[in-house]
Undergrad: 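Sharing a structure, written as structure tokens. Questions coming.
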Amino acid sequence: MWDLWLDRAKPLVPVMVIEDPEDAVPMAQALVQGGVRLLEITLRTRHGLEAITRIKHEVPGAIVGVGTVTSAQQMEDALNRGAEFVVSPGISPELLECARRWGGPYLPGVATPSEVLQARAAGFKYQKFFPAAAAGGIEMLKAFSGPFADVKFCPTGGIGQKNYQDYLALNNVFAVGGSWLTPAEAVSARNWQAITTMAIAG
Ligand code: 3PG
């Protein structure tokens, strides 16, 4: 599924924190207008699920996912709202089993070789490398490419405008994620044009 989506979307996954539900649709529209379509709506605020529903219904072209999922219940709630992909910051037997039963595009969060192995054994060859910068960044991803040649990563955590292209240049990186594409200052000023401009440049 990721390959199919990446044929028609930039390999950038904004990690979106929704402080005000009224911001969800214009923020998503601003990103989609800039060609950034894979949107990770986090459950870090209580507005995450509502934001998923709104964006699904009101923003054509958006591919809406849910992030910061830490339990099977959250995964089920987000899927019931129409989330098309699921991202978690780490793995647990509960999350892996729930995602396996669902069978859709799930990015389990990994930071160590043992976690890469566990997630791969559960059937997931596309994984989120988190927290990327703190867990070894580019050097760690290069080290993963030897033993885990069949696994592809979406690094997130500590990535920004200055270095995301260095990550994207790696053979085992299929996309890069982070909050830099929706800066808090632009969101609180409702400066949607700034977000579109950054997305176009990305
Ligand atoms: C995530 O959940 O992917 C990260 O917290 C995003 O990290 P960032 O804010 O450093 O981009």
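For ligands, and for the atoms within them, numbers begin at 1 and follow the listed sequence. Values below: every heavy atom of this structure, side chains too, minus hydrogens, waters and symmetry copies.
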Undergrad: Are more than 12 heavy atoms, taken from residues, nucleotides or ligands other than Arg8, located less than 6.0 Å from that residue's CZ atom?
TA: yes

Undergrad: Answer yes or no: is there an ion pair linking Arg54 with Glu22, defined by an N-O contact shorter than 4.0 Å?
TA: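 So Arg54 pairs with Glu22 through a salt bridge.
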
Undergrad: List the protein residues in contact with ligand 1, where contact means a heavy-atom separation under 4.0 angstrom.
TA: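 Ligand 1 is contacted, at a heavy-atom distance under 4.0 Å, by Val15, Arg44, Lys128, Phe130, Thr156, Gly157, Gly158, Gly178, Ser179.
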
Undergrad: Taking ring-ring contact (aromatic ring centres under 6.0 Å, His included) as the criterion, tell me which of Phe174, Tyr167, Phe144 meets it with Phe153.
TA: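 Of all the options given, the one that passes is Phe144.
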
Undergrad: Hey, what do you get for CD1 (Ile55) to CZ (Arg81), rounding to the nearest 0.5 Å?
TA: 12.0 Å

Undergrad: Between Met16 and Ile159, is there a shared hydrophobic cluster once you connect ILVMFWY residues whose side-chain heavy atoms come closer than 4.5 Å?
TA: yes

Undergrad: Look at atom CG of Asn171 and say whether more than 12 heavy atoms of other residues, nucleotides or ligands are closer to it than 6.0 Å.
TA: no

